[in-house]
K.L.:
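Pasting a structure below so you can have a look.
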2 protein chains.
Amino acid sequence: MSVDGGGVPRPEGGLGTTARHAVTAEEVARRAGVSQSAVSRAFTPGASVAAKTREKVLAAARELGYRPNAMARTLITNRSRIIGVVMAYLDNMIYPDVLEKLAAGLQQRGYQMLLFTGFKDRNSDPVFEQIMQYRVDGLLLASTTLSSDLSDECAAAGVPVVMFNRMTEHPLCSSVTSDNRNGGRQIAEFLVAGGHRRFAYVAGAAISSTNRDREAGFREGLLRHGIGQIGHAEGNLELADTWVAARDLFAADEPPDAVFAGSDHMALAVMEVARHEFGLRVPEDVSIVGYDDVGAARWPSFSLTSFTLPVAPMVDAAVELMMEQIESSSILSHHRVVPGRLAVRGSARLPGGPVLDRDGTLIWAPGGTE
Amino acid sequence: MSVDGGGVPRPEGGLGTTARHAVTAEEVARRAGVSQSAVSRAFTPGASVAAKTREKVLAAARELGYRPNAMARTLITNRSRIIGVVMAYLDNMIYPDVLEKLAAGLQQRGYQMLLFTGFKDRNSDPVFEQIMQYRVDGLLLASTTLSSDLSDECAAAGVPVVMFNRMTEHPLCSSVTSDNRNGGRQIAEFLVAGGHRRFAYVAGAAISSTNRDREAGFREGLLRHGIGQIGHAEGNLELADTWVAARDLFAADEPPDAVFAGSDHMALAVMEVARHEFGLRVPEDVSIVGYDDVGAARWPSFSLTSFTLPVAPMVDAAVELMMEQIESSSILSHHRVVPGRLAVRGSARLPGGPVLDRDGTLIWAPGGTE
DNA sequence: CAGGAAATTGCATACGCATGCAAAAAAAGC
DNA sequence: GCTTTTTTTGCATGCGTATGCAATTTCCTG
């Protein structure tokens with residue numbers, strides 16, 4: 001079905017190539033009876049202009065509908081005030097939140113966001129050319145990475161790179177992550193303390209440092225208690241894959257009684273399979289723990305125990321790190337690790353240990369870990 | 001916790017203001033032994049260059065790491081190849097999908113996306129200035145609108161405006177929506193056919209045309225069967241608000257036995273409250289129907305009956321509409337309405353009528369509506 | 001009111017590239 | 001080989017703005 005109104009042809013400004021004509025500083029200058037420089041200065045905070053002149057200019061600008069041309073400005077200042085943002089995928093439920101907070105943070109500092117997406121299982125090299133052509137002031141990679149060569153290129157071009165939720169070995173990139181390793185470890189402790197015996201890990205993308213660290217921490221924590229053998233399944237951050245992976249786990253001879261999934265997204269899928277395909281009770285038959293603490297984890301239907309991904313402080317840190325580098329014109333290699341905590345809910349059996357109520361969220365605080 | 005690597009100062013290029021220096025066409029030209037125009041032509045598809053020259057240029061460019069400056073190009077061509085995208089909010093679960101498909105569609109046509117977000121309960125005027133300074137080739141508004149004045153300004157500037165999932169009265173804006181009205185009507189028919197008596201509508205944002213149309217269709221459908229009085233609650237697209245709204249509904253003297261929520265997001269919240277706060281069985285005690293057919297609607301825990309928001313065709317239509325206007329340099333006012341269908345699942349009592357299985361999805365097809 | 005300091009202004013230029021135009025080179029036609 | 005046609009090339013210019021510099025105005029100070 002299609003309801004079409006009339007087509008209104010745009011007034012042509014001249015020779016076809018110069019179709020539309022935006023108001024320029026020159027025109028404003030003429031109207032205000034000043035020079036083009038004065039107009040420029042009137043729009044530059046802190047520039048040397050008499051208050052009276054600025055008024056005249058702003059008035060003329062308002063009348064003509066003038067707006068400075070950011071592209072032309074970029075050409076001179078060599079600053080686009082644009083940050084290239086690459087998001088691997090958006091179906092992880094934390095990303096709406098990340099994106100919104102990021103947009104707000106950049107916006108507030110006068111920066112815009114050029115967004116690219118769709119690089120879940122490979123790095124962001126494919127869009128690199130495009131991004132760099134727009135002379136972004138910085139590059140933020142969320143849940144994705146860049147090849148070493150391109151990272152070098154960025155550094156050479158003076159474009160700071162900040163990774164979000166991913167670590168990298170590259171000496172000229174910065175990163176902001178949650179304490180994945182510790183999170184995995186703490187979950188292991190929690191599950192062991194809960195009296196579980198057969199553990200399984202549901203993995204995210206293999207190339208993801210975040211996934212590796214979470215798993216490493218988990219295994220490390222279990223090993224402390226002499227548990228070396230655990231189930232492993234590839235959820236791959238995809239619902240469909242996780243579904244299959246979960247079936248494999250529960251259909252095994254010795255199905256796990258405690259599952260840690262590398263992201264809430266996958267954890268919820270595991271829970272669905274456990275309950276509705278295998279008729280398992282959560283947490284009586286199987287405990288399920290996730291990581292990220294997405295909004296849905298709090299829904300009564302799920303009540304998912306999950307390690308918090310501290311989105312707000314992480315985004316803040318990322319923006320800070322970016323601004324710091326842009327303003328100082330230097331490429332840094334700082335790695336910020338933001339601590340999280342285990343939000344204890346109903347999807348995993350409770351251990352005997354102390355569970356505290358902090359700001360309405362239940363926290364498990366075994367002696368000395370915090 | 002914070003682990004910091006070393007800070008590597010960026011090599012300064014000269015007088016402080018010219019901190020970093022990107023390779024220019026001029027330099028490539030010198031290296032290749034041609035003129036700057038030749039370089040420009042080598043990078044312009046369809047330009048008049050000998051194959052041999054192009055090779056030389058591309059080789060030199062590769063050696064120097066040259067990348068055309070999109071900003072400078074924009075200044076001349078008057079085309080930024082950037083689309084300004086404003087998304088009202090991202091917590092509606094369809095938006096990750098929309099954003100990804102949109103990015104892909106634009107990317108494929110050589111366009112980039114300048115993203116703005118966070119305008120759920122007001123229009124997008126606040127960021128308008130910023131967007132226009134970057135001389136975007138088009139403006140796409142997802143679940144948000146623009147004041148009439150600014151719409152005029154866009155038209156005057158030759159910037160086409162396309163609304164996604166919102167209609168507008170403005171004569172110089174285009175829009176792509178699903179058939180909200182028909183959807184609401186069909187849901188009414190479905191619920192009436194299912195033998196329900198007491199109906200309620202959970203509303204989204206009051207300023208949203210989408211919300212109004214869905215409600216209008218719903219009421220219209222009910223009225224056909226003589227039902228004029230229905231419950232009404234404001235979910236406001238917010239989980240917290242929906243939670244409260246749902247409590248009000250179910251705590252009433254005559255609680256509804258059929259609830260239509262203006263979005264799946266809200267429908268799921270209603271279901272949570274019904275089940276876990278009021279102990280109601282779905283659909284035995286109350287039927288719940290949503291709109292959008294988000295991924296989670298398919299999860300066994302919810303099995304939400306929902307009217308489909310056809311994201312893929314809608315995004316395609318939006319991109320088409322945008323490109324058409326950009327390429328023809330004319331502002332159109334086309335309103336595309338993309339049909340959806342009722343995906344029948346378990347959250348609402350089934351009527352006696354025909355429920356067909358189409359492509360694995362159950363569709364309710366009352367005589368002659370399709 | 002003179003004289004100098006400070007604030008303001010305009011001029012000219014540069015940023016990196018695309019493009020019209022004319023000149024040059026290559027190809028084609030005879 | 002010479003003219004005509006076609007293709008390729010370089011020159012010059014302009015897109016809209018910011019900014020160093022010098023000229024001008026305004027403001028102070030005595």
Side-chain angles (χ1 to χ4, degrees), chain A residues 13-57 60-61 64-81 132-135 157, chain B residues 13-57 60-61 64-81 132-135 157:
Chain A
L15 293 150
T17 55
T18 322
R20 68 182 130 136
H21 169 71
V23 182
T24 73
E26 189 65 46
E27 301 176 64
V28 175
R30 261 204 302 282
R31 172 127 187 166
V34 297
S35 73
Q36 179 265 319
S37 335
V39 176
S40 168
R41 291 188 176 109
F43 279 91
T44 307
S48 170
V49 207
K52 222 180 68 182
T53 311
R54 162 171 276 135
E55 284 314 312
K56 269 195 302 186
V57 170
L64 296 177
Y66 169 74
R67 250 181 288 275
N69 185 326
M71 304 310 216
R73 184 198 321 243
T74 296
L75 207 53
I76 300 183
T77 61
N78 221 4
R79 297 259 130 130
S80 60
R81 299 196 81 82
M132 295 302 276
Q133 292 198 5
Y134 281 89
R135 297 300 189 261
Chain B
L15 292 149
T17 56
T18 322
R20 69 182 128 138
H21 168 72
V23 182
T24 74
E26 188 65 47
E27 301 175 64
V28 175
R30 263 204 301 283
R31 172 128 187 168
V34 298
S35 72
Q36 179 264 318
S37 338
V39 176
S40 168
R41 291 187 176 110
F43 280 91
T44 307
S48 170
V49 207
K52 224 180 66 184
T53 311
R54 162 170 276 135
E55 285 313 311
K56 270 196 302 189
V57 171
L64 296 177
Y66 169 74
R67 249 182 290 275
N69 186 326
M71 305 309 217
R73 184 199 321 244
T74 296
L75 207 53
I76 301 181
T77 60
N78 222 2
R79 297 259 132 134
S80 60
R81 299 197 81 83
M132 295 302 276
Q133 292 198 5
Y134 282 89
R135 298 299 189 262

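Please read all numbers here as calculations on a predicted model, not as lab measurements. Every chain is numbered from 1, with letters handed out A, B, ... down the list of sequences. All values below were derived from every heavy atom in this structure, side-chain atoms included, with hydrogens, water molecules and symmetry-related copies excluded.
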K.L.:
Please give me the minimum heavy-atom distance between B/A38 and B/T53, naming the atom from each residue.
P.N.:
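So the minimum-distance heavy-atom pair works out to CB-CG2, 4.4 Å.
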K.L.:
Measure across B/V23 and B/Y66 and return the closest heavy-atom pair with its distance rounded to 0.1 Å.
P.N.:
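The answer is O-CD1, 3.4 Å.
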K.L.:
Which heavy atom of A/T44 sits nearest a heavy atom of A/R54, and at what distance?
P.N.:
O-NH2, 3.7 Å
K.L.:
Rounded to whole angstroms, how far apart are CD on B/E26 and C1' on C/dA14?
P.N.:
13 Å
K.L.:
Could you tell me the separation between the CD atom of B/E27 and the C1' atom of C/dC15, rounded to a whole number of Å?
P.N.:
13 Å
K.L.:
What is the separation between atom NZ on A/K56 and atom P on C/dG10, rounded to the nearest whole Å?
P.N.:
8 Å
K.L.:
What are the two closest non-hydrogen atoms of A/V49 and A/A42, and how far apart are they?
P.N.:
CG2-N, 4.0 Å
K.L.:
Whole Å only: how far is the CD1 atom of A/I76 from the P atom of C/dA12?
P.N.:
17 Å
K.L.:
Could you tell me how far apart B/N78 (CG) and C/dC17 (C1') are, to the nearest whole angstrom?
P.N.:
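Interatomic distance, CG of B/N78 to C1' of C/dC17: 14 Å.
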K.L.:
What nucleotide among C/dC17, C/dC15, C/dA18 has an atom nearest to a side-chain atom of A/L75?
P.N.:
C/dC15
K.L.:
C/dA18 phosphate, OP1 or OP2: any side-chain N/O from B/R73 under 4.0 angstrom?
P.N.:
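Yes, such a contact exists.
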K.L.:
How does each nucleotide of nucleotides 6-13 of chain D score, in 5' to 3' order, for protein heavy atoms under 4.0 Å: base (B), sugar-phosphate only (S), or none (-)?
P.N.:
--BBBBB-
K.L.:
For residues B/Y134 and A/M71, report the shortest heavy-atom separation together with the two atoms involved.
P.N.:
O-CE, 3.5 Å
K.L.:
Report the distance from atom CG of B/N69 to atom C1' of D/dC15, rounded to the nearest whole Å.
P.N.:
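From B/N69 CG to D/dC15 C1': 13 Å.
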K.L.:
Checking A/R135 against B/R67 for the side chain to side chain contact (heavy atoms under 4.5 Å, CB included) test, could you report, in this order, the C-alpha distance in whole Å, the side-chain angles of both residues, the deciding distance, and whether it holds?
P.N.:
CA-CA 10 Å; A/R135 297 300 189 261; B/R67 249 182 290 275; 4.1 Å; yes
K.L.:
Is the shortest side-chain N/O distance from B/Y66 to OP1 or OP2 of C/dC17 below 4.0 Å?
P.N.:
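So the side-chain polar atoms of B/Y66 do come within 4.0 Å of the phosphate oxygens OP1 or OP2 of C/dC17, strictly under.
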K.L.:
Need one value for A/T24: base, sugar-phosphate or nothing, where a base atom within 4.0 Å counts as base even if backbone is also close, heavy atoms only.
P.N.:
sugar-phosphate
K.L.:
A/R30 CZ to D/dT17 P: how many Å, rounded?
P.N.:
13 Å
K.L.:
Mind calculating the distance between CD (A/E55) and C1' (C/dT8) to the nearest angstrom?
P.N.:
16 Å
K.L.:
Using every non-hydrogen atom in the two residues, find where A/M132 and A/A157 come nearest and quote the distance to one decimal.
P.N.:
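Closest approach of A/M132 to A/A157, heavy atoms only: CE-CB, 4.0 Å.
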